[in-house]
Amino acid sequence: MEKLSVMSKIALDTKLKQGKYVLVFMADWCPDCHFIKPHLPEIEADFSEYHFIHIDRDENIDLAQDLNIFGIPSFIAYQDGQEIGRLVNKERKTKAEVEQFLNNIATNGSADK
C-alpha cells in the first residue's frame with residue numbers, strides 16, 4: 001500500500017486521473033483503524049485491480065474535509081478520476097464489510113454506503 005504524504009485535493013485529482021484506486025483514511029491513534037489494518041494486505045491481494053493508497057487523516061485534515069471524511073477508517077474508490085463508491089462512517093469496519101463494499105463496486109459499477 002502506498003502511503004500518501006500531505007496532498008491537496010487538486011494534486012490528488014491529478015494522481016487519480018487514470019486507473020482504479022482505493023483511498024484508505026486512517027490515523028495512528030484510531031483503535032478501529034488498528035482493527036482493520038492487519039486485514040488490509042489480504043484485501044489488497046484479493047482486489048489487486050485497485051491501487052490502494054493509505055492517507056493519514058491527521059496529516060491530510062484539509063483533504064479529509066474536502067472529501068467529507070468525518071469518520072475513520074474510511075474507504076473511497078475511484079476509477080479514472082471519478083468516485084465510484086465510498087464506505088465512509090464512524091463505525092468499525094470488518095474485513096467482510098470492506099470486501100462486500102469492493103465486490104459491490106465490481107458487480108454494480110458503483111457503491112455508496
Peer 1: To the nearest 0.5 Å, what is the distance between CZ (Phe101) and CZ (Phe47)?
Peer 2: 10.0 Å
Peer 1: Checking the side chain of Asp80 only, and the main-chain atoms of Gly19 only, is there a donor and an acceptor separated by less than 3.5 Å?
Peer 2: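 Confirmed, Asp80 side chain pairs with Gly19 backbone.
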Peer 1: Which heavy atom in Met26 sits nearest to a heavy atom in Ile72, and how many Å separate them?
Peer 2: C-CD1, 4.1 Å
Peer 1: Rounded at 0.5 Å granularity, tell me how far NZ in Lys93 sits from CZ in Phe35.
Peer 2: 11.5 Å
Peer 1: With no hydrogens and no angle check, is any side-chain donor or acceptor of Thr107 less than 3.5 Å from a backbone partner on Asn104?
Peer 2: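 Absent.
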Peer 1: If you look at every heavy atom in Ile53 and Tyr21, which pair is closest and at what distance?
Peer 2: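 Taking every non-hydrogen atom into account, CD1-CD2, 3.6 Å.
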Peer 1: Provide the closest heavy-atom pair for Lys9 versus Leu67 in the form atom of the first, atom of the second, distance.
Peer 2: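 So the two residues come closest at CE-CD2, 3.4 Å.
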Peer 1: May I ask you to decide if Glu59's main-chain N or O and Asp56's side chain share a donor-acceptor pair within less than 3.5 Å?
Peer 2: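 It does hold such a pair.
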Peer 1: Thr14 side chain to Ile10 main-chain N or O, any donor-acceptor pair under 3.5 Å?
Peer 2: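 The answer is yes, because a donor-acceptor pair under 3.5 Å joins these two groups.
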Peer 1: Using 0.5 Å steps for rounding, measure from the CD atom of Glu44 to the NE2 atom of His51.
Peer 2: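 These two atoms lie 9.0 Å from each other.
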Peer 1: To the nearest 0.5 Å, what is the distance between CD1 (Ile105) and CD1 (Ile84)?
Peer 2: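 Going from the CD1 atom of Ile105 to the CD1 atom of Ile84 covers 4.5 Å.
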Peer 1: How many angstroms lie between atom OG of Ser48 and atom CD1 of Ile43, to the nearest 0.5 angstrom?
Peer 2: 13.5 Å
Peer 1: Quick one: closest heavy-atom pair of Trp29 and Arg57, and the distance?
Peer 2: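 Result for this residue pair: CZ2-NH2, 3.4 Å.
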Peer 1: Looking only at non-hydrogen atoms, find the nearest pair between Cys33 and Ala27 and report the distance.
Peer 2: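 What the structure gives for the nearest pair is SG-N, 3.7 Å.
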Peer 1: For Val98, which of Leu40, Asn103, Asp46, Leu87 qualifies under side chain to side chain contact (heavy atoms under 4.5 Å, CB included)?
Peer 2: Leu87
Peer 1: Can you find a pair of side-chain heavy atoms, one from Gln79 and one from Leu16, that are under 4.5 Å apart?
Peer 2: no
Peer 1: For the pair Glu91 and Asp32, evaluate side-chain contact (heavy atoms from CB on, under 4.5 Å) and give the outcome as yes or no after the intermediate values.
Peer 2: CA-CA 8 Å; Glu91 305 300 319; Asp32 293 338; over 6 Å; no
Peer 1: As an exercise, state the distance from CG of Leu23 to OH of Tyr78, rounded to the nearest 0.5 Å.
Peer 2: 5.5 Å
Peer 1: Near Glu49 CD, under 6.0 Å, is it more than 12 heavy atoms from other residues, nucleotides or ligands?
Peer 2: yes
Peer 1: Could you check whether any side-chain heavy atom of Ile69 comes within less than 4.5 Å of a side-chain heavy atom of Ile76, counting everything from C-beta outward?
Peer 2: yes
Peer 1: Taking Lys95 as the fixed residue, which of His39, Gln100, Glu42 is the one that meets the side-chain hydrogen bond (donor to acceptor under 3.5 Å, both in side chains) rule?
Peer 2: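 When side-chain hydrogen bond (donor to acceptor under 3.5 Å, both in side chains) is applied between Lys95 and each of His39, Gln100, Glu42, only Glu42 qualifies.
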Peer 1: Indicate the atoms forming the closest heavy-atom contact of Glu97 with Arg92, along with that distance.
Peer 2: OE1-O, 3.4 Å
